[in-house]
Amino acid sequence: MAAFSKSIPHNCYEIGHTWHPSCRVSFLQTIGGALQESLKIYAPLYLIAAILRKRKLDYYLYKLLPEIVQSASFLTANGALYMAFFCLLRRILGKFYSWTTGFGAALPASYVAILIERKSRRGLLTIYMANLVLLFCITAAMYMFFFRCKDGLKGFTFSALRFIVGKEEIPTHSYSPEAAYSKVEQKREKHEEKPRRMNIIALVKKLVDSICKHGPRHRCCKHYEDNCISYCIKGFIRMFSVGYLIQCCLRIPSAFRHLFTQPSRLLSLFYNKENFQLGAFLGSFVSIYKGTSCFLRWVRNLDDELHAIIAGFLAGVSMMFYKSTTISMYLASKLVETMYFKGIEAGKVPYFPHADTIIYSISTAICFQAAVMEVHTLRPSYWKFLLRLTKGKFAVMNRKVLDVFGTSASKYFQDFIPRLDPRYTVVPPELPIEFS
């Protein structure tokens with residue numbers, strides 16, 4: 001644990017931007033690299049989301065680019081403003097303290113940056129301390145329960161879940177098989193009247209139907225054309241394909257950079273383990289959820305929204321195929337946010353203005369403090385993200401100087417010694433440092 005009162009006399013060039021002595025030039029270089037990486041992250045993300053949400057042409061013409069730029073600006077500001085406040089605090093205080101190198105510079109930078117982002121995207125962030133799969137199971141259980149409840153979820157979250165699990169699982173009140181039977185028969189008659197087009201999708205569907213044609217379907221189930229077995233199989237195939245295509249699209253920018261130098265790398269665009277992992281994750285999540293829901297309808301002879309808790313929890317095990325801290329923590333934070341606002345609507349929880357902004361700023365500042373002073377305590381995925389965002393500049397901080405604070409800051413950087421220009425340093429390089 002570093003002592004907050006201890007300080008070192010170095011300037012920001014000797015510790016922070018060791019690649020260039022000018023604060024202004026370093027700040028501009030950080031902006032350029034961060035903006036480039038931010039656009040690579042958000043451009044395909046927003047484009048895929050727009051396609052999945054079936055946005056109209058007006059969205060692509062007038063809203064898509066501004067939203068990409070806004071989110072990219074937020075992420076860019078988060079990294080670049082950290083460098084700005086890093087230098088500013090050194091100028092104001094005249095020296096560095098353990099808290100100013102990470103938390104002190106990242107807190108105001110994160111607060112300003114999150115104000116740039118759209119409010120609808122300001123989720124609550126937490127420190128990564130929970131078990132990944134178990135956390136996702138609990139989160140999935142609660143999400144699916146709210147999805148099945150009347151007015152439980154709204155907006156994008158509801159639309160996303162409806163797309164993933166299908167319209168057959170749209171929220172309903174509990175009802176008996178007798179009440180459901182007449183609806184099923186009416187729906188089946190309507191479907192039988194529609195002509196079938198013999199395309200590739202229809203052929204695949206016909207094949208699956210032929211395999212599962214003797215399977216049962218409970219009268220409470222609303223998948224009118226399919227029995228319970230084919231319903232689960234089709235759900236797996238559909239979402240496996242979606243996950244596979246999403247991962248392929250995300251890899252397109254990096255693959256095409258090597259189009260002429262290494263053409264063979266284009267094959268990795270289609271035959272990559274991560275493509276199949278994301279597909280297996282989404283496909284198994286849907287099939288397990290649908291299968292469990294059908295099973296519970298058979299056992300209880302009733303369609304009940306409480307089934308979603310059990311089905312969602314079991315479906316959460318699918319994260320074993322695609323262990324993503326980002327997905328798990330983001331969904332958990334959004335769930336907390338959803339429950340918090342439901343508590344406000346019910347009048348049982350007080351409303352705290354700007355709570356999401358404050359929590360985000362503090363959480364990010366803590367992560368930055370760890371990234372500077374105790375990299376060995378940081379999750380590897382988050383460290384790689386910081387390196388990507390800053391074009392590797394976070395790794396060239398002079399952490400050997402920071403070892404005097406007692407946090408083993410240079411534990412993973414023992415072989416790195418920055419080449420500093422003595423004309424711009426306060427303390428001659430390689431000399432021992434004394435505390436003031």
Side-chain angles (χ1 to χ4, degrees), residues 28 30-82 84 106 109-125 143 153-164 242-243 245-257 278 282 324-338 340-341 353-361 363-364 367 381-382 385-386 388-391:
L28 294 176
T30 304
I31 288 180
L35 181 59
Q36 182 181 356
E37 291 301 320
S38 299
L39 289 173
K40 289 181 182 179
I41 292 172
Y42 281 109
L45 182 64
Y46 273 72
L47 183 59
I48 292 172
I51 295 173
L52 294 180
R53 297 178 68 177
K54 299 179 180 179
R55 293 286 196 178
K56 296 181 179 180
L57 180 60
D58 287 348
Y59 175 81
Y60 292 95
L61 293 177
Y62 305 111
K63 293 184 178 181
L64 178 60
L65 183 58
E67 288 184 1
I68 293 175
V69 172
Q70 185 173 6
S71 292
S73 299
F74 144 71
L75 196 57
T76 300
N78 220 146
L81 289 179
Y82 166 76
S110 303
Y111 185 84
V112 174
I114 195 62
L115 295 178
I116 298 174
E117 181 61 287
R118 291 184 296 136
K119 189 170 180 59
S120 60
R121 288 182 52 83
R122 300 175 191 172
L124 298 173
L125 300 179
Y143 263 119
L153 293 175
K154 300 177 182 178
F156 174 73
T157 305
F158 176 81
S159 300
L161 287 177
R162 182 176 59 184
F163 173 81
I164 292 173
V242 170
L245 290 175
I246 288 175
Q247 197 66 42
C248 284
C249 291
L250 292 176
R251 296 181 63 85
I252 285 176
S254 60
F256 274 90
R257 283 203 304 267
L278 182 58
L282 292 177
S324 171
T325 301
T326 303
I327 294 176
S328 184
M329 295 305 301
Y330 175 76
L331 292 177
S333 67
K334 294 299 292 184
L335 176 63
V336 172
E337 183 181 47
T338 300
Y340 171 65
F341 283 111
H354 311 297
D356 53 352
T357 303
I358 295 172
I359 294 176
Y360 171 83
S361 303
S363 301
T364 305
C367 290
S381 58
Y382 190 75
F385 170 73
L386 289 178
R388 178 183 175 185
L389 185 63
T390 61
K391 293 287 187 179

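The first residue in the sequence is number 1, and the count goes up from there.
When all heavy atoms of S361 and I114 are compared, the closest pair comes out as OG-CG2, 4.4 Å. Annotation for L278 and G243: closest pair CD2-O, 3.3 Å, computed over non-hydrogen atoms. Scanning both residues, L39 and A72, for their nearest heavy atoms gives CD2-CB, 3.7 Å. Considering all non-hydrogen atoms of both residues, K391 and G33 come closest at CG-CA, 3.7 Å.
Using modelled atom types, one side-chain atom of Y143 and one backbone atom of L335 make a donor-acceptor pair closer than 3.5 Å.
Remark: I68 CD1 to Q70 CD distance equals 11.5 Å, nearest 0.5 Å. How far CG of L57 is from OH of Y62: 8.0 Å, rounded to the nearest 0.5 Å. The distance from the OG atom of S73 to the CG atom of N78 is 12.0 Å, given to the nearest 0.5 Å. Here the straight-line distance linking atom CG of L81 with atom OG of S110 works out to 9.0 Å at 0.5 Å rounding. How far CD1 of I48 is from CD of Q247: 9.0 Å, rounded to the nearest 0.5 Å. Rounded to the nearest 0.5 angstrom, I31 CD1 and T76 OG1 are separated by 8.0 Å.
Counting only heavy atoms from C-beta outward, the side chains of V242 and F163 approach each other to under 4.5 Å. Residues L64 and R55 are not in side-chain contact: their nearest non-hydrogen atoms beyond the backbone lie 4.5 Å or more apart. Counting only heavy atoms from C-beta outward, the side chains of Y59 and E67 approach each other to under 4.5 Å. With a 4.5 Å cut-off on side-chain heavy atoms, L75 and F385 count as touching. The shortest distance between side-chain heavy atoms of Y60 and L47 falls below 4.5 Å.
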